[in-house]
Amino acid sequence: MTNRVKLATMVCCLASAVFAQQPQTPATQKTTVEEDNADFTFTESQLDEDNDAAQTVSALVATKTDPYLSKVGFTFSPMRFRIRGFDNQYNHTYLNGIMYNEAERGRFSYSMIGGLNQIVNPNREGSSPFEATIYGLPTIGGATSINLRPGAQRQGHQVTLSACNRNYVARAAYSFASGFNSKGWAFSGALGYRWAKEGVIEGTFYNSLSYYLGVEKKLDDRHSLSLVTFGAPTERGQQGASTEEAYWLANSHYYNPNWGYQDGKKRNSRVVRDYEPTAILTWDFDIDEKTKLSTSAGFRYSMYSSTALGWNGNAYDPRPDYYKNLPSSVFNVYDENLNNEEYLGNNRYFLDQWQTLYNHWTEDKANRQIQWDRMYAVNRAEAARGGETLYYQERRHNDQLMANLSSTLNRTIDNNRKYSVGLRPRTTCAILIVV
């Protein structure tokens with residue numbers, strides 16, 4: 001009986017190995033390519049705010065043939081799930097053959113193409129780790145290549161109107177692509193706008209305009225030249241994480257400590273402004289049927305800034321969820337000695353203080369938000385005494401000027417052998433300013 005079990009196990013293993021080595025049919029290959037294009041990314045509503053910069057997921061390619069990758073790639077994205085624990089910097093993103101991961105952080109900023117779904121999604125290709133590609137060598141996190149050439153865009157017009165209840169509540173977009181005409185010209189463009197006076201998190205707002213313009217010319221049967229430019233100027237109010245005690249006092253896990261009332265209107269203390277205008281010039285040269293050369297030059301100027309509260313001297317911390325503003329800072333209501341009458345009597349003052357802070361937090365929403373009017377009043381009083389400003393709001397700038405050049409030569413020997421060689425010089429100038 002034992003020998004039969006061993007024999008059956010060996011047969012199953014051999015059958016699996018043979019199946020794994022079976023060549024794909026053309027139909028299967030086409031399906032795999034289409035599914036590989038369904039790789040997943042984070043949207044702006046799922047960005048990592050801890051690093052105060054736009055980030056994308058460190059994603060292996062999710063295909064419909066892998067239920068695990070398909071599910072975790074999108075369903076778990078709000079929980080910042082990272083496949084195999086890889087950081088975002090291990091996923092490379094290419095635009096027309098140029099790798100646009102930032103030199104400083106090593107990550108790709110998806111906000112630079114935010115709102116351009118009609119242009120980006122149909123022409124996106126995913127690659128698994130260390131898979132041979134025509135545009136570069138993916139790392140352990142895989143890679144994504146986006147083709148922005150006007151001639152590659154889906155011909156026609158598209159209008160999109162949508163509503164949601166996340167960072168923004170309304171979105172409108174229009175895109176067109178002419179395809180190549182009889183003279184070898186192709187034109188494409190897109191314009192979109194996303195808006196929210198207030199998102200699902202109270203105190204947040206969202207304003208974002210996105211644009212794309214492209215032109216491509218077939219010089220002859222072997223040469224083509226394309227020029228594209230795009231950007232997405234965005235301004236958004238951020239939400240902030242707090243402690244479980246603050247959520248309990250506010251009776252909501254959507255509590256946001258980053259805003260407060262000023263003259264009866266909501267004002268957010270942490271506002272991000274992000275704009276990364278980009279231009280890419282691409283020359284494609286079909287040397288022969290099996291040899292192709294693709295060269296792209298790209299320029300990007302990243303303008304990123306975020307605001308934050310600051311204070312000087314002996315000014316009291318203005319954050320509403322500062323630990324001294326919370327009841328737990330004066331007394332631990334979970335103390336195991338609370339059943340002791342003598343203990344309670346000795347700590348009656350602290351219990352009263354705890355109750356006072358608790359009532360302050362729960363009686364009025366304004367008490368658990370930023371006190372803008374109070375800060376202005378303190379500054380005016382200090383100025384009247386000839387002192388310096390105690391409270392202020394600073395804006396931190398991190399601007400970058402990036403220039404890239406990418407040239408790749410691809411040569412097909414036969415069905416089993418392909419060679420790629422290229423160069424990828426780039427330079428980045430980063431400027432950090434606090435005003």
Side-chain angles (χ1 to χ4, degrees), residues 26 29-30 33-34 36-37 92-101 103 108 112-113 116 119-127 130-139 142-155 176-190 212-230 277-300 402-428:
Q29 291 176 345
K30 181 176 184 295
V33 171
E34 291 175 348
D36 280 353
N37 291 337
H92 289 173
T93 300
Y94 295 80
L95 304 179
N96 282 9
I98 298 178
M99 190 184 74
Y100 264 100
N101 287 50
F108 178 75
M112 66 185 292
I113 53 175
L116 298 176
I119 301 297
V120 172
N121 289 349
N123 299 289
R124 186 173 56 187
E125 177 186 353
S127 302
F130 305 114
E131 178 184 353
T133 66
I134 63 173
Y135 49 83
L137 180 63
T139 61
T144 301
S145 176
I146 300 173
N147 186 359
L148 297 175
R149 296 171 179 84
Q153 305 302 323
R154 184 168 50 197
Q155 187 174 352
F176 78 93
S178 65
F180 286 104
N181 59 24
S182 59
K183 295 183 179 180
W185 288 93
F187 302 92
S188 63
Y212 163 87
L213 290 173
V215 58
E216 184 173 1
K217 177 68 168 72
K218 284 186 176 180
L219 304 178
D220 52 38
D221 293 338
R222 300 166 60 188
H223 299 268
S224 67
L225 198 65
S226 68
L227 176 65
V228 299
T229 181
F230 54 90
T278 306
I280 302 176
L281 179 65
T282 303
W283 169 46
D284 293 309
F285 177 26
D286 294 341
I287 301 175
D288 54 45
E289 293 182 355
K290 296 184 177 182
T291 310
K292 299 178 185 284
L293 175 67
S294 179
T295 303
S296 294
F299 298 91
R300 184 188 73 172
M402 178 185 295
N404 289 331
L405 178 66
S406 176
S407 185
T408 307
L409 179 68
N410 292 281
R411 170 74 176 175
T412 301
I413 306 301
D414 51 40
N415 292 334
N416 298 318
R417 292 180 296 171
K418 296 180 180 180
Y419 295 95
S420 297
V421 62
L423 55 89
R424 193 173 62 199
R426 66 174 178 171
T427 179
T428 300

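Only this structure's heavy atoms are used, side chains among them; waters, hydrogens and symmetry mates stay out.
- Scored by the salt bridge (charged side-chain N to carboxylate O under 4.0 Å, His left out) test, Asp288 finds Arg411 as partners (sequence neighbours excluded).
- Taking CG from Asn96 and OG from Ser145, the interatomic distance works out to 8.0 Å, rounded to the nearest 0.5 Å.
- By the neighbour-count criterion of 12 heavy atoms within 6.0 Å, atom NZ of Lys217 is densely surrounded, having more than that number from other residues, nucleotides or ligands.
- Looking at heavy atoms from C-beta onward, Lys418 lies out of side-chain contact with Asn410 at the 4.5 angstrom threshold.
- Counting heavy-atom neighbours within 6.0 Å of Arg426 CZ, excluding the residue itself, gives a total above 12.
- For Asp220, the side-chain contact (heavy atoms from CB on, under 4.5 Å) partners at least two apart in sequence or on another chain are Arg222, His223.
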Listed pairs under 3.5 Å, donor-acceptor, residues 176-184 side chains, sequence neighbours left out:
{"residue": "Ser178", "atom": "OG", "partner": "Phe187", "partner atom": "N", "Å": "2.8"}
{"residue": "Ser178", "atom": "OG", "partner": "Phe187", "partner atom": "O", "Å": "3.1"}
{"residue": "Asn181", "atom": "OD1", "partner": "Lys183", "partner atom": "N", "Å": "3.0"}
{"residue": "Asn181", "atom": "OD1", "partner": "Gly184", "partner atom": "N", "Å": "3.0"}
{"residue": "Asn181", "atom": "OD1", "partner": "Trp185", "partner atom": "N", "Å": "2.9"}

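- Side chains of Asn123 and Leu148 form no contact here, defined as non-hydrogen atoms less than 4.5 Å apart.
- For the side-chain contact (heavy atoms from CB on, under 4.5 Å) test, residues two or more places apart in sequence or in another chain that qualify with Ala297 are Leu405.
- In this view, Asn416 and Asp414 satisfy the side-chain contact (heavy atoms from CB on, under 4.5 Å) rule, not counting sequence neighbours.
- Remark: Leu409 CG to Ser294 OG distance equals 10.5 Å, nearest 0.5 Å.
- Applying the side-chain contact (heavy atoms from CB on, under 4.5 Å) criterion to Leu213, with sequence neighbours excluded, gives Thr229.
- Counting heavy atoms from C-beta on, the side chains of Val228 and Thr282 never come closer than 4.5 Å.
- Looking at heavy atoms from C-beta onward, Leu281 lies out of side-chain contact with Phe299 at the 4.5 angstrom threshold.
- Not a single side-chain hydrogen bond (donor to acceptor under 3.5 Å, both in side chains) links Asn404 to another residue, sequence neighbours left out.
- In this structure, the side chain of Thr428 does not engage the main chain of Ala103 through any donor-acceptor pair within 3.5 Å.
- The heavy-atom pair separating Pro150 from Ser226 by the smallest distance is CD-CB, 4.1 Å.
- Ring geometry, Phe285 versus Trp283: the interplanar angle falls under 30°, so the pair is classed parallel (tilted spans 30 to 60°).
- Annotation for Gly189 and Ile119: closest pair O-CD1, 4.4 Å, computed over non-hydrogen atoms.
- At a threshold of 4.5 Å between non-hydrogen side-chain atoms, the residues Phe230 and Ile280 count as touching.
- Between Tyr94 and Arg424, the shortest heavy-atom distance links the atoms OH-NH1, 3.2 Å.
- In this structure, Thr295 OG1 and Leu293 CG are separated by 4.0 Å, a value rounded to the nearest 0.5 Å.
- With sequence neighbours excluded, no residue satisfies ring pair (Phe, Tyr, Trp, His ring centres under 6.0 Å) with Tyr100.
- Listed by chain and number, the residues in a side-chain hydrogen bond (donor to acceptor under 3.5 Å, both in side chains) with Ser188 are Tyr212 (sequence neighbours excluded).
- The side-chain hydrogen bond (donor to acceptor under 3.5 Å, both in side chains) test applied to Asn147 returns Arg149, not counting sequence neighbours.
- Here OG of Ser224 is found 4.0 Å from CG of Asp284. Values are rounded to the nearest 0.5 Å.
- The salt bridge (charged side-chain N to carboxylate O under 4.0 Å, His left out) check on Lys292 picks up Asp286, with sequence neighbours excluded.
- Glu216 is linked by a side-chain hydrogen bond (donor to acceptor under 3.5 Å, both in side chains) to nothing, counting only residues two or more places apart in sequence or in another chain.
- Between Gly298 and Ile98, the closest heavy-atom pair is N-CD1, 3.5 Å.
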